[in-house]
Structures are given as C-alpha cells and as structure tokens.
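Every chain is numbered from 1 and lettered A, B, ... according to where its sequence line falls, protein lines coming before strand lines. Note that the structure is predicted; figures quoted are calculated from it, not measured.
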Amino acid sequence: MTAPAPLLSAFRQAFSEAWASGAGLLLPLGFFAGTATLVPFTLGGEADLLSRVGPGILWLALALSSMVTLERVFQADLQDGALDLWLQDTGSISLVAAIKTLTHWLVSGFPLVLMTPLIGFMLGVPAEKMIPAMLGYAMGGLVFFLWGGVAAALSASVARGGLLIALIALPLYVPALIFGVQMVDAGVDSPSFLFLCACTLFALGVAPAAMGAALRLAAE
Amino acid sequence: MTAPAPLLSAFRQAFSEAWASGAGLLLPLGFFAGTATLVPFTLGGEADLLSRVGPGILWLALALSSMVTLERVFQADLQDGALDLWLQDTGSISLVAAIKTLTHWLVSGFPLVLMTPLIGFMLGVPAEKMIPAMLGYAMGGLVFFLWGGVAAALSASVARGGLLIALIALPLYVPALIFGVQMVDAGVDSPSFLFLCACTLFALGVAPAAMGAALRLAAE
Amino acid sequence: MLSYLANPLRFMRFSRLAVPICFALGVLMIGWSLYNGLFIVPPDALQGGDLIRAMFTHVPSAWLSMGLYAALAGASFVWYIWRHELADVAARAIAPIGAGYTALCFITGSIWGQKGWGAGWHNLILGDSRLMSVLVMLFLFLGYIALRAALETRQKAARAAAILALVGIVNVPIIKVSVDMWQTTTIHQESSVLKIGGSEPREDDEGMNPVYLQQLLWGFGGHTLLASAMILMLMRAEVYTQQAERQLALKLEER
Amino acid sequence: MSDPVLIAGHGLGAVRGERVLFQDVSLEAAPGELILLRGANGSGKTTLLRQLAGLSEPQAGTVERTVLHHWIGHTNGLKAHETPRSHLRHWARVWGGDTDIAAILTEMGLKRPANVPSRMLSAGQKRRTALSRLRLQDRELWLLDEPFNALDTDGQARLANMIESHRAAGGSVIAALHGDAPIEATREVEL
Amino acid sequence: MSDPVLIAGHGLGAVRGERVLFQDVSLEAAPGELILLRGANGSGKTTLLRQLAGLSEPQAGTVERTVLHHWIGHTNGLKAHETPRSHLRHWARVWGGDTDIAAILTEMGLKRPANVPSRMLSAGQKRRTALSRLRLQDRELWLLDEPFNALDTDGQARLANMIESHRAAGGSVIAALHGDAPIEATREVEL
Ligand code: HEM
Ligand SMILES: Nc1ncnc2c1ncn2[C@@H]1O[C@H](COP(=O)(O)OP(=O)(O)OP(=O)(O)O)[C@@H](O)[C@H]1O
Ligand SMILES: Nc1ncnc2c1ncn2[C@@H]1O[C@H](COP(=O)(O)OP(=O)(O)OP(=O)(O)O)[C@@H](O)[C@H]1O
Ligand SMILES: [Mg+2]
Ligand SMILES: [Mg+2]
C-alpha cells in the first residue's frame, strides 16, 4: 500500500470522480468567476473599495470551494462501501485520504491560481502583487483542502454534515488565511511567507493522519 | 396531498432532518458567527472598511449557507428512495419540495436574521440600518434557498453536484442580492424594497414548480 | 415555417442550403460594416474618438446575446411542452454560440470602456449593474452548458437544461432595464437605438447619428446571419451524431 | 361491475442508452391476483415496475391505474436520521388515517430497534421497516421490487402471509422476484 | 505444517446501544471450509463479519488473520460514476497483478453493461460487479455478507460455483446467509 501503484490509482479514481461530477475544469473556473461576480453586488460597487477587498473575498471563495467540494467525498465513500474496501488492506488509509483531498484541490482549488491574473486584473490588483497572490492562493488552498478533508472525515458519519464541516474547518483555516493575506501585501520575501509555508507543512504532516483516524472511526 | 396534513408532516420530517444533521440551531449560528469572525482577517481589520464591507459579506455567507445546506437534501431523497415515496401519490411534489426548502431556510438561513443585531453591532453597522438589514436578510435568504433548491434539484442526479449547484444558483441569486443590498442603504420605503418583494414573490411562484419538475426528472 | 421545419428530414434539406448562404451573406455584411466602421466613418468625440469603432461589434453582440438567450428559452419551452426533438437540438446548439457572443459583448465593451470611461475603468466592471448583468448572463449560459455536460443521458440532460433555461429568463429583462432603471449604479449609456426601457426621452436626445446607425444595422444583420449559420451547423452535426449513435446501437445489438 | 382491473399496462416499452430494454409488454392485475415479473439481472423488471407506479414515463405504451398503490423499491425510502417508529409515524400522517403504529412495529418484529436511527439498523431491519408501510394504509395495489431481499426466514414467511391475506381481501400484487417464489403466483411475466 | 487456520476469532463480543448483541463467539476457518453465519435480522451477522474483516474493533475477544481476504459487504463499494470496467480496473491496479478484466466481465455476465455508470445499473448488475472483485486477485479468505442477494438464478449458480472452486483450491469462505444455502457448508454458526 505504500507502493506508488495504489496511490496512483487512488489519484486516478478521485480525479475521475471530481471530473465526472460536472463539466471538469469549467465548473471550478465558473465557480470562482461566479463568486468574484457576486462580490461587487454585495459591496455596492465602489471601485476603490473593490480593489482593497476583492482579493480577500477570493480567499473566502477558496475556503468555500474547499468545503463544498469535500463535504460529500468521504460521506459517499462511507455510504457506498468504498471506504470498507480501502480499509480492508491494512495499508495506509491516511495516504489514500491525503491523495483524495489533494486531487480534489487540484481540480477545484487550483483553478483559482490559474484565474488569479484575470480576476486580479478585473479587481484592479497591482501587477507586482500577482505572483505573491498566486503563490498564496496555491498554498492556502492546499491548507484549506487538507483541513477541510479532516473536517469532512470527522463528520462523515453525521447524516448531512454541511454546516458542521464549515464550523469545524473555519477555525483551522484562520492561520493560513492571516499569513496568506499578509503575504500578498508584504511579498514573497516577508516572514509571512515563511509562516504560510510552515502552515502548509504542518497541514501536510498532520492532516493525513487525522483523516485516517477519523475515517477508521467512521467505518466502525 | 393539498390538504395541510401531508405538508405539515413534510415540514416535520424536514425539520428533524435539518435538526438531526448537527447541533440544531447551534450550528447555523456558529456558522454565521464564524464567517463574520473570519472576515476581519481577510480584510486586515480596518474598522472603517469593516463596517462598510461587513454586511455585504454576510450576504455571501447567507448564499453560501443556502448552497451548503441544500446540496444534499434532494440528492439524499433520491438515493434513499424517499423521493419515490413522495412521488407515488400523484399529489404535488412541488409543494413538498417548497416546504422542504423553506424548512431548511428556517433552520439554516433564518438564524442570520436573529443574529443581525449582534453581528451588526460588532461590525459597527449604524442602528437605524438594523431593521432594513434584518428584513433584507430574511427575504433575500428566502429567495436564495428557493433558487438554491432549484439548483439542487436540477443537479440531484449528478454524483456530487457541489460546484455545479453553485454555478447554477449564483446567477439566479443576483437580482435579490442587488435589491437587498440597496434596500439596506435606502431603507424600507425605497423602490428597492418593492423590487426585493417582487423577487421574493417571483421565486415563491416559480421555484416550486421548477423544483417539482426537476425532481420528477431526477427520479426517472 | 417553424412547424414545417420541425420534421428532421425537411430540416436537413433546408439547412444544407441555408448554412452556406447565411454564412456567406453574414460574413459579407459583417465585413462591410467593419470596413465602413473601422475606416470610413468619422471618429466621435463624445464616445472616445476612434473607440466608437468598437460599437459595430459590441452592440450587435450585445443584442444577439440577449436574443440568443431568449431563443434558448424559447426552444426549451417548445421542447418541454411538445417534445420536439429538434427544439432540443436547437437549444443545445444555441448555448455555446450565445455564450460566445456574450463574451464578445463583454470583451468589446471592455475595450471600448478602457478609454471611454477613463483610467481605472476596470475597477468599474464589477461595480456596474449593466456590465454585471451581462456577466450574469454569461454564467447562465455556462451553467446551462455545465448542467448538460453533467447529466449522462440525453433525455435527462435535455429536460433539466430546459428547466434551467426557463427559470433563467428572469435575467434578460433585468439586463435590458438595468441601464434605464438604475442610473445610479451604472455609467453605461442608455439605449439610444431601441427605447424599450421606458425612460423619459431627454431634451438633448437626438438618437444616434445615422452614419453610425447604418453600419450598426449592417453589423447586426451580418452577425445574426453568421450566428444562425453556426447554430444550424451545430444542429446538423448533432442530428448526424444521433443517427450515428442509433446505428451503432443497432450494430451492437446484432452482435 | 364489468371489469375490475386495478392496473393495466398496454404495449409498454423502455429504451435505455440506445438499447431497447423491453417492448410491447402488456399486463393487467385484477383483485386477488399476484403477478410475478421474472427475468435475468438487468432485464428491466425494475424499469417496468417504475413505469407501472408512475415513477417514470413509459417510452411507449400507457399505464392505467384505477386505485392507489403501495411502492416498495430496491431502496427502502428511509432517511438516515429516521427510526422505524418515526418513519411509520411520518407516512401515517402523510397518508392520513390513524393506525396503531406500535402494533405494526411489534407485528413486523421491529419492537426492539423501534427507536434506533436507520443508519444503525441492520439490512433486514431496514427492509422490514419499509415493508411495514404496507400496513399503514389499505391500498388495493402493491408494487414490490424484490421484497424478500435481506429478510430472514421468519421475515419471509411473514411477508408471504401478508401478501396472501392482502390477496384474500381483494387486493392485488405485482412483484419482481428472483429464484423460487415462497408463494404461488397467478401469472408470471417474463422479461 | 501444524495448524493451517486462515482466520480465527476467539471470544468475540459486540455491544450496540447498551445491549449485548453477541458474546463469546469463537470460530476458525481452515482451507476448504465454508462457514455460514446464521441468525435472524439484526442478530449481528454483519457486525461479526466486520470484526473478522478488521473493519471494526471487537469489544471483546481477538481476531487473528494469517492471510489476505476479500470483503463483500451489504454495500457494493461502487462509486456512482464508476462503470463495472473502471471499477475492476481500479482495484486491479490497487492490488497489483495483471488480470484480464474483459474476461472477468464476460464470465460474470457484465459484458453488455460494462461501460454503464453504476448509478444506472440494475441491482443485480451492481452486485455482480462487486462479486467480480473476487476474481481480481487470488486471496485465500473470502468474507461475504449475504452475497446471493439481488442475483438472478444464473448469477446465484455462478456464485455457488465460484465458491466451490475457491474451496477446492484451498480457499476458505465465511458468509452470512438467510434461507436455504445453494451450497453445502462445513459448519454453521448461529447468532
Ligand atoms: C464591459 C463593458 C460593457 C458591456 C458588458 C456592455 C453591454 C452592453 C449591452 C448588453 C448592450 C445592449 C443594450 C440595449 O440594447 O439596451 C449594450 C449596448 C450598448 N453599449 Fe455597451 N457595454 C459595455 C461597455 C460599453 C462602453 C464602454 C460603451 C461606450 C461608452 C458602450 C456603449 C454601448 C452602446 C452605445 C450601446 C447601444 C445602446 C443602444 O442604443 O441600445 N458599452 N452594451
Ligand atoms: N444509460 C444507460 N445506458 C445503457 N444501459 C442502461 C442505461 N441505463 C440503464 N441501462 C440498463 O438498463 C437496465 C435496467 O434494468 P433494471 O434495473 O430494470 O433491471 P432489473 O430487471 O430490475 O434487474 P435486477 O434483477 O438486477 O434488479 C440495466 O440492464 C442497465 O444496464
Ligand atoms: N446505537 C444502537 N443502539 C441500539 N441498537 C443498535 C445500535 N447500533 C446497532 N444496533 C443494533 O445492532 C444490530 C446490528 O446487527 P447487524 O447489522 O450485525 O445484523 P445482521 O445479523 O447483519 O442482520 P441482517 O440479517 O438484517 O443483515 C441491529 O439489531 C441494530 O438494531
Ligand atoms: Mg431490479
Ligand atoms: Mg447484515
């Protein structure tokens, strides 16, 4: 199970699952563009406000997409019995869970990074902030999806865990959020960037084990 | 089926479903409070910015909660066969669907209205805007949940419709969002309020039929 | 005419001729309007000088995007009520073309606005209700396409998409009246060709200069024909695909 | 009384994925009859039953139902948070009429797990809960999709009894079934 | 070779909601044996099987497994978007080894729906897909929870055959079952 082959096929399965649930990449792109579109309405469209607030709101969109995407992933595994199959070999369910969340990040979170230049341009973000912003969204997104995965695994055995996931995940998101936002302003050579890296590494180190434990519990 | 008894029990069932999926009312309250707390982090906490942006962000939280809540409702009905039971009597599935979404609004959307004074106070919203804001959140939330229900019903037969629901629902939310935001600024005696009422009435009139049709389709 | 064409055979016969004719005429008319619009008509001081030349693409695509959405909803309605297979084929073909024209409207408008509305215009894109409502329509088209792609069987996809198209029709009037109604939330100009929004004519309102109007109408006619040609072409492709699928299924059945 | 047919399907047909699943199937059920749908896995029994129940539109043919019916599908229709008792109470309310739910639960052997949420129930207990709906209201026509699945021997005997007494009372049953029927059928329809 | 036991459970017990479901259950399976778990609905067969499979921790007792096993539960383990072919290909990859998936599909009567997403499959076709996993890799121990459910007569015969030849090859099977077994068991465990 620690051989690459099973993990690769876990990736393939998760990828086709994420892809099959809609029109592939179109959907996440549409989602981020859609959220970016909603924002100005809620702010009344004062231009100066927008360029200050816009990038922050995209962080919210990212957090949202991680929760909406992951809500069902583990619950479905539990209900259709696929979780039992993963568990039956003593190998590492943690790794499989990590692969699954990372795959979903790739399909549903990473597109924001690709769209950052476009949306940022529309929101009037200065060009020199684009690279830090993209880096921030990429790493922050990773953290969001990993902790979101933990929350989803924890609430997998609750009938409909939507808001519960949100409630569990939000506090876990905060550190990455703070440093991510700061980093976009302060640039890649700031301490915020180092802290963001630390957040990411920490999530990468801890979240898989937590997911694994939560999933074992859910299958009981 | 048009008698009140079935609708009342549809309400009861949906209510206990919504309630059972977490800690009842605590969850939605926590969710809105959580989002409201996250906001300052993304904005860097400038007080003046906050009071201008805060109420708008709560609109986003409302939209989000409608989607997260409704995503699973109809899909679960489809998967566990409850939808077949509702459909088997020729009566009106539309009414049942409407009751279900309205119940979920009551549990997951309406709490925002209750919290508005508190959150508004925290964000520094002037007192005279409180009543329009509460009205706006109440009616806007209704519209969001109704259209969100349509989106959820339409994507019920898609494996995991998360982002798809968002993409379908977001454009439908926009009119109510525009008028709702304007109304908070302009007060209850403004034309925006009338337009918001019109949006709500329109959603109340059209969404149930659309949900009904979509659910019939999903059961095929 | 429409009910005559509802028969797939007749449709195929008609469209085989119509596609090349519409295509050729459309390209000619667009070319004529672009030639005149880009090189012949004088620049307009009020509308950002040479930038007014974007109008000959912008306004036709703006009208077409709304028109195509209405057509999408119409076809969906016909399919939903009478189950004319061809209406669904049409709806399916209209969606990508409509999305394309909506995007074109947005892009040309942006180019126009870059100078016309001065520096910092891009901040306005997201704050302007007219512009936003065009974006919203783009998302309606995209949502429609995504929903169709997500459902496996054609019957299901057709019905679900039809429901969405009919529900989304609310946004068309909102786009149309957005300029006229909320002067405060947009700096986009009012309708000067067609006055449907119902705003009171202003004193200084002389309507559009005929020099521009003429080219505009050529462009509009041309784009309408071109869009029709593209839609008919997609419809033909879809009809052929369905036939091929049916034959393939028969072949498989025999084995 | 000329023709006491409870349900009649004429020339029914279904197409799935460009393939004709079945066509020109006609069947009728009169009071007291038990009609079994037979056929291999994937031959279209469920599809036909759903058409008869009005859950999906026949691609060809028509269905006439003159009475109300009960539907028991492959899925049980239980929500994850529902207990057997709350499930039955819910549908009793929806359908009106006052039935003694405690009695039904006892009769169906669900007394012990009556208050356990369905996600913790065993497969057979879920099936029994679904079948208890048949008791909630007298409906002349029962449409059952592999109703004996997941039941233990006692449960199967009990269901066979229920069907028998339903028929004796003038009801009619259409059921999809694999293997030997624990009950004698009026007619079999082969798909 | 002293004791070729493939799996042994000693003094197993389970508590569910303040109630002792079973206790002090011990069983062993040696090569060639078929052990049937019997008991009424809700008596704990599934619970016991999950303990044997290592899916849940026994509240009392221990389980020793010396070999790999296949698990077929009440649920089939199919994802909604998966087709029979993609499901088998996926698990073949995970478990390694190169099996001829097309051959398995044909053998299990899944050739026609091989490319239909599982949410459109019939109940029996889903079950057949799950059972096909048994063919993907040779594992000595099979743990099956009501494996004959939803299968048609042909499918049941085929599964009985599979079990027979698995036993003949030195494999061992523990299965929960209701009603008559279409196959002779070494031993029955009553819960
Ligand atoms: C992203 C930017 C823009 C978008 C999305 C947009 C969208 C639209 C739409 C939807 C229409 C059709 C309106 C109707 O028929 O009532 C339209 C018409 C028009 N637009 Fe724009 N527009 C944009 C920018 C601009 C700019 C910057 C200008 C010029 C300053 C402009 C000038 C016009 C004109 C002249 C019409 C024709 C109005 C009429 O008489 O109907 N647009 N635009
Ligand atoms: N989109 C599709 N493409 C191809 N085949 C399809 C599609 N949708 C459904 N099918 C096929 O239609 C059939 C549906 O059969 P149905 O569920 O009615 O079978 P059944 O007789 O109830 O079988 P079982 O005994 O297994 O329950 C299956 O063979 C399935 O593979
Ligand atoms: N939290 C709980 N409270 C009370 N009882 C519970 C709880 N969780 C599970 N149970 C009971 O535990 C038992 C689980 O049984 P299990 O699923 O193992 O039965 P089974 O023998 O497989 O039955 P079947 O033949 O129906 O599949 C059921 O009787 C169920 O009602
Ligand atoms: Mg079936
Ligand atoms: Mg069991």
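For Q23(D), the CD atom is loosely surrounded, since the number of other residues' heavy atoms within 6.0 Å does not exceed 12. Within a 6.0 Å sphere centred on CG of D100(E), other residues, nucleotides and ligands contribute more than 12 heavy atoms.
Taking NE2 from H178(E) and CG from N149(D), the interatomic distance works out to 10.0 Å, rounded to the nearest 0.5 Å. Atoms CD and OG, on Q125(E) and S43(D) in that order, are 9.0 Å from each other to the nearest 0.5 Å. Atom-to-atom distance recorded for D180(E):CG and D180(D):CG is 8.5 Å, nearest 0.5 angstrom.
For R128(E), the side-chain hydrogen bond (donor to acceptor under 3.5 Å, both in side chains) test picks out N41(D), D152(E), D154(E), with sequence neighbours left out.
Residues of residues 105-118 of chain D lying within less than 4.5 angstrom of chain E, judged on heavy atoms, are R112(D) in numerical order.
Residue contact with chain D, scored on non-hydrogen atoms closer than 4.5 Å, is absent for R16(E). Neither the backbone nor the side chain of L177(E) comes within contact range of chain D; no heavy atom of the residue lies under 4.5 Å from a heavy atom of that chain.
The two residues S122(D) and G42(E) make their nearest non-hydrogen contact at OG-N, 3.3 Å.
Contacts with chain E were tallied for G39(D), G155(D), P182(D), A150(D); A150(D) has the most, counting heavy-atom pairs under 4.5 Å. The residue among H74(E), R38(E), R127(E) with the most heavy atom pairs within less than 4.5 Å of chain D is H74(E).
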